[in-house]
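What follows is a set of notes on a single structure, which appears directly below.
Values below: every heavy atom of this structure, side chains too, minus hydrogens, waters and symmetry copies. Along the sequence shown, residues carry numbers from 1.
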Amino acid sequence: MTRPLGTLSRIIAGILAVIWIAAGIVALILGALHSRWLTVVLGAVALAYGLVWVQVCRTGRYALWPFGRRHPNE
């Protein structure tokens, strides 16, 4: 299992969350204003990734990979 994150790591996770969420919101707005739908999709992905970093900051643990990656010994 993973060990809990320290205070500095949680601060860095919070900073990353703010950056990704801000970039996602900006991309959503600019993409919608200029009818660039790929930019809107990428903005939504960036926003979701920022929310993952919020979870890391809040819980103090790294986020699990959701696509079924297994431990090598399993």
Side-chain angles (χ1 to χ4, degrees):
M1 297 299 172
T2 61
R3 65 180 192 271
L5 296 175
T7 304
L8 180 61
S9 296
R10 290 178 83 167
I11 291 171
I12 292 171
I15 292 169
L16 286 171
V18 169
I19 291 169
W20 279 104
I21 290 171
I25 290 171
V26 168
L28 284 171
I29 292 170
L30 290 178
L33 287 176
H34 297 291
S35 297
R36 305 283 184 183
W37 298 111
L38 180 61
T39 306
V40 172
V41 171
L42 291 175
V45 171
L47 189 61
Y49 192 61
L51 293 176
V52 170
W53 280 111
V54 167
Q55 178 185 1
V56 170
C57 181
R58 187 179 57 80
T59 62
R61 297 205 176 265
Y62 288 111
L64 297 176
W65 185 250
F67 300 111
R69 181 177 175 202
R70 293 187 163 184
H71 191 273
N73 294 333
E74 291 180 355

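- Contact record, A17 with G50: CB-O, 3.7 Å, taken as the closest heavy-atom pair.
- Contact between G24 and A46 at its shortest, heavy atoms only, is CA-CB, 3.8 Å.
- Distance check: W53 CH2 to I15 CD1 gives 11.5 Å after rounding to the nearest 0.5 Å.
- One hydrophobic cluster holds both L16 and L8 under the rule that ILVMFWY side chains link at heavy-atom gaps under 4.5 Å.
- Both I11 and I19 are members of a single hydrophobic cluster when ILVMFWY side chains are connected at heavy-atom separations under 4.5 Å.
- The heavy-atom pair separating R58 from R10 by the smallest distance is O-NH2, 2.7 Å.
- V54 belongs to a hydrophobic cluster whose remaining members, ordered by chain and number, are I21, I25, L28, I29, L33, W37, V40, L47, L51; membership requires side-chain heavy atoms of ILVMFWY residues under 4.5 Å apart, directly or through intermediates.
- Without hydrogens or angle criteria, R61 side chain to L5 main chain gives no donor-acceptor distance under 3.5 Å.
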